[in-house]
Engineer: 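Have a look at the structure that comes next, please.
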Number of protein chains: 2
Amino acid sequence: MKTETPNYRSKCPLSIALEFIGDKWSLIVIRDMCLGKSKYCDFQASPEGIPTNILASRLRELEENGLLIKRPYQAKPVRYEYFLTPKGADLLPVLQQLVKWTQKHVPDCGEPPEGFFTAQPEDLLQKWVDATDTA
Amino acid sequence: MKTETPNYRSKCPLSIALEFIGDKWSLIVIRDMCLGKSKYCDFQASPEGIPTNILASRLRELEENGLLIKRPYQAKPVRYEYFLTPKGADLLPVLQQLVKWTQKHVPDCGEPPEGFFTAQPEDLLQKWVDATDTA
DNA sequence: CTTATCACTTGCAAAAGGCAAGTGACAAAA
DNA sequence: TTTTGTCACTTGCCTTTTGCAAGTGATAAG
């Protein structure tokens, strides 16, 4: 995570949020991590078909911005798994509201997995907390 | 509002939402309308400094997608005001969650106006409902 | 008659997105 | 041992979008 002095276009909290996740792909990656995906190929396999160079750049940016961390799960060659930080997991309420909005206003859209609306950001941290605790 | 058959990259409601508002500017325009702005020059005056060609294209897209409507407020030359539809106003909970997220995780960000968190989507329709009722 | 405003449009360069192919380390199969 | 495959990327190339500046046409103001 890099810690450059941020230079936001304004101090408006909405505007700042959009500088973090205001594009068509970042929240797709966050969604996949909420669903328990953690590996590069898992993200690639999602039905939206994210281009591989975009995926690599989004993972890099999200890590630089502290929304996720990567952890090597094998050496030779080193391979990483990606996990949400608390900052990233706290986007869950945003995802929940976006899904509600689409379900209300867009016919024929799909359904989120069971338990999606009742999930809490903390639930999303289980995996890597466990992993680092028992490592 | 155009009614082409939509061809979404997936049926995931989150993904679909991002095809509507997944960029750095659309929600800025929605925010401004939530704050009571309605004219082109009002949107231009916002501190983020949206480029004029982007503003024109976003207003067009948001209207095509049914998130706002435009209404002429003068003829010769015809000039439009823009108002949220119920579909657009229902993005308020999304904005509220995004603002909460930034306030929790980004130091030195600004504050939303008073009453922002307690506002309801219906409140945002007052202006143009009144206007059309009394026209 | 000049200047200004409002709501745009147009032109152009730079950045981002998207597709395909390549790469390097390793594992498994033939 | 050679070939094939996988995983996590990177690179190249072309298209689309963005961002800045300038222009436009109708009208009002000085």
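Keep in mind that the numbers below use all heavy atoms, side chains included, and drop hydrogens, waters and symmetry copies. All of these numbers come straight from a predicted model, not from anything done at the bench. The sequence lines fix the lettering, A, B, ..., with proteins before strands; numbering per chain opens at 1.
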Engineer: Rounding to a whole Å, what distance do you find between B/D42:CG and C/dT5:P?
Structural biologist: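 Rounded to the whole Å, the gap is 15 Å.
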Engineer: When the ring planes of B/F20 and B/Y8 are compared, do they come out parallel, tilted or perpendicular, using 30° and 60° as the limits?
Structural biologist: tilted
Engineer: Rounded to the nearest angstrom, tell me the gap between atom CZ in A/R60 and atom P in D/dA8.
Structural biologist: 16 Å
Engineer: How close or far is atom P of C/dT5 from atom NZ of B/K39, stated in whole angstroms?
Structural biologist: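 Rounding to the nearest Å, NZ of B/K39 and P of C/dT5 are 15 Å apart.
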Engineer: Without decimals, in angstroms, what is the distance between B/R58 CZ and C/dC8 P?
Structural biologist: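 About 16 Å, once rounded to whole Å.
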Engineer: Base, sugar-phosphate or nothing for A/R9? Non-hydrogen atoms, less than 4.0 Å.
Structural biologist: nothing
Engineer: What integer distance in Å separates A/E19:CD from C/dA16:P?
Structural biologist: 13 Å
Engineer: Tell me which nucleotide among D/dA22, C/dC6, D/dC9 gets nearest to the side chain of B/R79.
Structural biologist: C/dC6
Engineer: Can a donor-acceptor pair under 3.5 Å be found between the side-chain atoms of A/N53 and the base atoms of C/dG18?
Structural biologist: yes
Engineer: In this structure, how many angstroms lie between the P atom of D/dC7 and the OH atom of A/Y80, rounded?
Structural biologist: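 From A/Y80 OH to D/dC7 P: 18 Å.
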Engineer: Kindly indicate whether a cation-pi arrangement holds for A/R9 with B/W25, taking the cut-offs as under 6.0 Å to the six-membered ring centre and within 45° of the axis.
Structural biologist: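 Relative to the ring axis of B/W25, which defines the angle, A/R9 lies inside both limits.
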Engineer: Report yes if some heavy atom in the side chain of A/H105 is under 4.5 Å from a heavy atom in the side chain of B/D90; otherwise report no.
Structural biologist: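 They are in contact (side-chain heavy atoms under 4.5 Å apart), so the answer is yes.
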Engineer: Looking at every strand, decide which applies to A/Y82 at a 4.0 Å heavy-atom threshold: base, sugar-phosphate, or nothing.
Structural biologist: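 If one applies the 4.0 Å heavy-atom cut-off, A/Y82 turns out to touch the sugar-phosphate alone, with no base involved.
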Engineer: Between B/S57 and A/Y40, name the one whose nearest nucleotide on DNA chain D is closer to the 5' end.
Structural biologist: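 On the 5' side of the pair lies A/Y40.
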Engineer: Given D/dA21, D/dG19, C/dG18, which nucleotide is nearest the side-chain atoms of B/T52?
Structural biologist: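 Of all the options, the side chain of B/T52 is nearest to D/dA21.
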Engineer: Give a yes or no on whether A/V78 and A/Y73 share a hydrophobic cluster (residues Ile, Leu, Val, Met, Phe, Trp, Tyr; joining criterion: side-chain heavy atoms under 4.5 Å apart).
Structural biologist: no
Engineer: Would you kindly give the CD-to-P distance between B/Q74 and D/dA26, to the nearest whole Å?
Structural biologist: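 Rounded to the whole Å, the gap is 14 Å.
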Engineer: Using the closest heavy atom to pick a nucleotide of DNA chain C for each, name whichever of A/D23 or B/K70 lands nearer the 5' end.
Structural biologist: B/K70
Engineer: Output the single nucleotide from D/dC7, D/dT27, C/dA7 whose closest atom is nearest the side chain of A/C41.
Structural biologist: D/dC7
Engineer: If you find the nucleotide of DNA chain C closest to B/L59 and the one closest to A/P51, which residue's nucleotide is nearer the 5' end?
Structural biologist: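 Nearest nucleotide further toward 5': that of B/L59.
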Engineer: Would you mind reading off the distance between A/L55 atom CG and D/dC7 atom P, rounded to a whole angstrom?
Structural biologist: 14 Å
Engineer: Would you say the side-chain atoms of A/S15 and B/K24 include a donor-acceptor pair closer than 3.5 Å?
Structural biologist: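 Looking only at side-chain atoms, B/K24 and A/S15 do not form any donor-acceptor pair under 3.5 Å.
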Engineer: Between D/dT18, D/dA22, C/dA7, which nucleotide gets closest to the side-chain atoms of B/Y73?
Structural biologist: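 Side chain of B/Y73 sits closest to C/dA7.
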Engineer: Closer than 4.0 Å, any side-chain N/O of B/W25 to the OP1 or OP2 of D/dT17?
Structural biologist: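 No, no such contact exists.
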